[in-house]
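Reminder, nothing fancy here: chain letters follow the sequence lines and each chain counts from 1. What you are looking at is a predicted structure, and each value in this text was computed from that prediction instead of being measured. Both backbone and side-chain heavy atoms feed into the values below; hydrogens, waters and symmetry mates do not.
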Number of protein chains: 2
Amino acid sequence: MILEEFLPYRLNVLAGLTSSALAQIYAERFGLSIPAWRIIVTLGQYELRTARDMAPDGVMHKSTVSRAVSALEKRGLIVRRPNLDDRREEWLALTPAGRAIYEAVAPEALAVEERLLSALTPQEQQAFTVLIDKLTRQARLLAPRSVEEDDA
Amino acid sequence: MILEEFLPYRLNVLAGLTSSALAQIYAERFGLSIPAWRIIVTLGQYELRTARDMAPDGVMHKSTVSRAVSALEKRGLIVRRPNLDDRREEWLALTPAGRAIYEAVAPEALAVEERLLSALTPQEQQAFTVLIDKLTRQARLLAPRSVEEDDA
DNA sequence: CGCCAATCGTTGCACGGGCAACCAATAGCA
DNA sequence: TGCTATTGGTTGCCCGTGCAACGATTGGCG
């Protein structure tokens, strides 16, 4: 067994490197953690969501989301509004300041993705996307019930 | 910008899922952390290495390696021997108990990899490997000097 | 030889995040 | 209506790990 050829190892290494590359933007320049970054992007995309929606497939633990939301609120980047139809949950939305950050950070993040993908031809990029999807579906089957799902 | 289509995000999700799948083996069944697991595998492969060799491309921080080595030694899975030619570093090697774990865990880990890859055709597997390599090389260029490298 | 720089490894500190227990609110159902 | 189960979210606790500073050893070079 050769670690350097082991798929999960290589995926971890690659994911770590890309995260590092990205962190130069959202962390060093905007002081965002990974969870905060994901929340900003999601709200930039969907306008109005609940905390639960921030981790669609259980990618983040709900406690992680909770704390990131608190931090973002404290910094004035997002606001919480009660959902009167179901007072257990709250609506989240970007403030103008939050949206400003989103609009500053998103293009740069996409540029990093671009630079990454520039190592591949368009055909390869397409193929890679397809393969990642297949593997992700398969991994979901093999992984223990993704985060929570069995909360109670 | 759509998070679910963002390459670094997808890589993180996939890496996380595969890690989870693997952790069912090395963590739940053998009580190994990721760093410990990597050390066991590396020593199973190379027989005799130093702590520094455990993180070839700076994938793990040296403090992480140091603590994992201590833990493995305490559990009697590896031994340290002084290198008399350079007393700053130490040789690491598996004990019989450590090798037993390696030999129990490696086939199962490979089986998980197998199940993962079974979602792809052999041609796709080959292609995926090549693409990962290309992206990893590129990511290394974009990421801030990998862990340490600039230690002093 | 003697000094400074570089290298291997350890450790104190702080922080992020997982886990589990918990509260509040709603849903299901008799 | 009332009782229990479920769900959204928060928080205390603990562990893993990155960072930076350090001790010990070696290398480079005058």
Please tell me which of A:D85 and A:S33 maps to the more 5' nucleotide of DNA chain C, matching each residue to the nucleotide holding its nearest heavy atom.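 Counting from the 5' end, the first nearest nucleotide belongs to A:S33.
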DNA chain C: 5'-proximal contact among B:T50 and A:N83 (nearest heavy atom):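 Its nearest nucleotide being more 5', the pick is B:T50.
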Euclidean distance, atom [atom1] of residue [X] to atom [atom2] of [N] [Å, nearest integer]:
| X | N | atom1 | atom2 | value |
| --- | --- | --- | --- | --- |
| A:E90 | D:dG8 | CD | P | 13 Å |
| A:E28 | D:dG18 | CD | P | 16 Å |
| A:E89 | C:dA25 | CD | C1' | 11 Å |
| B:N12 | C:dG17 | CG | P | 12 Å |
| B:I34 | C:dG18 | CD1 | C1' | 13 Å |
| B:D86 | D:dA24 | CG | P | 16 Å |
| A:M60 | D:dT10 | CE | P | 13 Å |
| B:R81 | C:dC8 | CZ | C1' | 18 Å |

Where the side chain of [X] is concerned, which of [options] is the nearest nucleotide?
| X | options | answer |
| --- | --- | --- |
| B:R88 | C:dG9, D:dT10, D:dA24 | D:dA24 |
| A:H61 | C:dT7, C:dA20, D:dT10 | C:dA20 |
| B:K62 | C:dG17, D:dT11, D:dA21 | D:dA21 |

Check: A:R87 side chain, D:dG9 base, donor-acceptor under 3.5 Å: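 Not at all, since no donor on one side and acceptor on the other fall under 3.5 Å apart.
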If you go through the side-chain atoms of B:R67, does one of them form a donor-acceptor pair with the base of C:dG12 closer than 3.5 Å?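 Per atom types, the contact qualifies.
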Looking only at heavy atoms, what is the nearest atom pair of B:L117 and B:Q125, with distance?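 Smallest interatomic distance, heavy atoms only, reads O-NE2, 3.0 Å.
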Step by step, work out the salt bridge (charged side-chain N to carboxylate O under 4.0 Å, His left out) result for B:R10 and B:E5. CA-CA 7 Å; B:R10 288 157 47 121; B:E5 297 178 2; over 6 Å; no
With nearest nucleotides of DNA chain D determined for A:T64 and B:P35 from heavy-atom distances, which residue corresponds to the more 5′ nucleotide?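 This one resolves to A:T64.
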How would you label the contact of A:S70 with the nucleic acid (heavy atoms, under 4.0 Å): base, sugar-phosphate, or nothing?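 No contact.
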Option from A:I78, A:T50, A:T64 for which side chain to side chain contact (heavy atoms under 4.5 Å, CB included) with A:V69 holds: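 Testing A:V69 for a side chain to side chain contact (heavy atoms under 4.5 Å, CB included) against A:I78, A:T50, A:T64 leaves exactly one candidate, A:I78.
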For B:L32 and B:L72, what are the C-alpha separation, side-chain angles and deciding distance, and is it a side chain to side chain contact (heavy atoms under 4.5 Å, CB included)? CA-CA 9 Å; B:L32 299 176; B:L72 286 171; 4.1 Å; yes
Quick one: sort the B:Y26 and B:W37 rings into parallel, tilted or perpendicular, breaks at 30° and 60°.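 B:Y26 vs B:W37 ring planes: parallel.
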